[in-house]
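Bear in mind the structure is a predicted one, so any value in this text is a computation, not a measurement.
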Amino acid sequence: MAVKKKTTTKRKTTTKKKAAPKKKAAPKKKVTKSKSRKPAFGGYAINFAGRKETAEQIFGNKPIAPSEMTKKIWAFVKAKSLSNR
């Protein structure tokens, strides 16, 4: 008679890892805006303060495209020397 051999399977033994301690959330800092304004960085800084011209005086009474508005604004700024350059 033949004797059946028991088949054995090797079980992998795993070691239990300890759970890492949870980090406490740092209290959020409130972001406050500074009261002093910084000067414009790069580009032009245009000062329209004290101007009495209306949009109709600058652009006219007819509807115009945005590209035409930009051209007329720059023509006005250059004519009145409003830029910082």
Side-chain angles (χ1 to χ4, degrees):
M1 249 200 230
V3 179
K4 289 186 177 180
K5 290 185 178 180
K6 291 184 180 180
T7 57
T8 59
T9 57
K10 291 185 179 180
R11 292 184 184 172
K12 293 182 180 178
T13 57
T14 58
T15 58
K16 291 184 180 181
K17 294 182 180 179
K18 292 183 181 179
K22 292 183 180 179
K23 294 181 181 178
K24 293 183 181 180
K28 293 183 180 179
K29 295 180 181 178
K30 291 184 180 180
V31 178
T32 57
K33 293 182 180 179
S34 63
K35 292 182 181 180
S36 62
R37 292 196 61 160
K38 293 182 180 178
F41 179 76
Y44 285 104
I46 301 171
N47 186 6
F48 288 103
R51 305 304 314 171
K52 295 182 181 177
E53 293 84 358
T54 63
E56 290 177 346
Q57 291 173 336
I58 298 170
F59 301 124
N61 294 333
K62 295 181 181 178
I64 60 174
S67 59
E68 290 298 318
M69 275 188 203
T70 305
K71 290 176 186 176
K72 289 191 177 196
I73 288 173
W74 280 111
F76 177 76
V77 167
K78 289 177 183 176
K80 304 291 181 174
S81 301
L82 300 176
S83 67
N84 64 348
R85 291 186 182 182

| message | Distance check, rounded to the nearest 0.5 Å: Lys78 atom NZ versus Ile46 atom CD1? | response | 10.0 Å

| message | Between Trp74 and Met69, does the side chain to side chain contact (heavy atoms under 4.5 Å, CB included) criterion hold? Intermediate values first, please. | response | CA-CA 9 Å; Trp74 280 111; Met69 275 188 203; over 6 Å; no

Can I get a per-line list of side-chain donor-acceptor pairs under 3.5 Å for residues 54-66, giving both atom names and the distance, sequence neighbours left out?
residue	atom	partner	partner atom	Å
Thr54	OG1	Gln57	N	3.3
Gln57	OE1	Thr54	N	3.0

| message | Under the rule for salt bridge (charged side-chain N to carboxylate O under 4.0 Å, His left out), what residues qualify as partners of Lys72, not counting sequence neighbours? | response | none

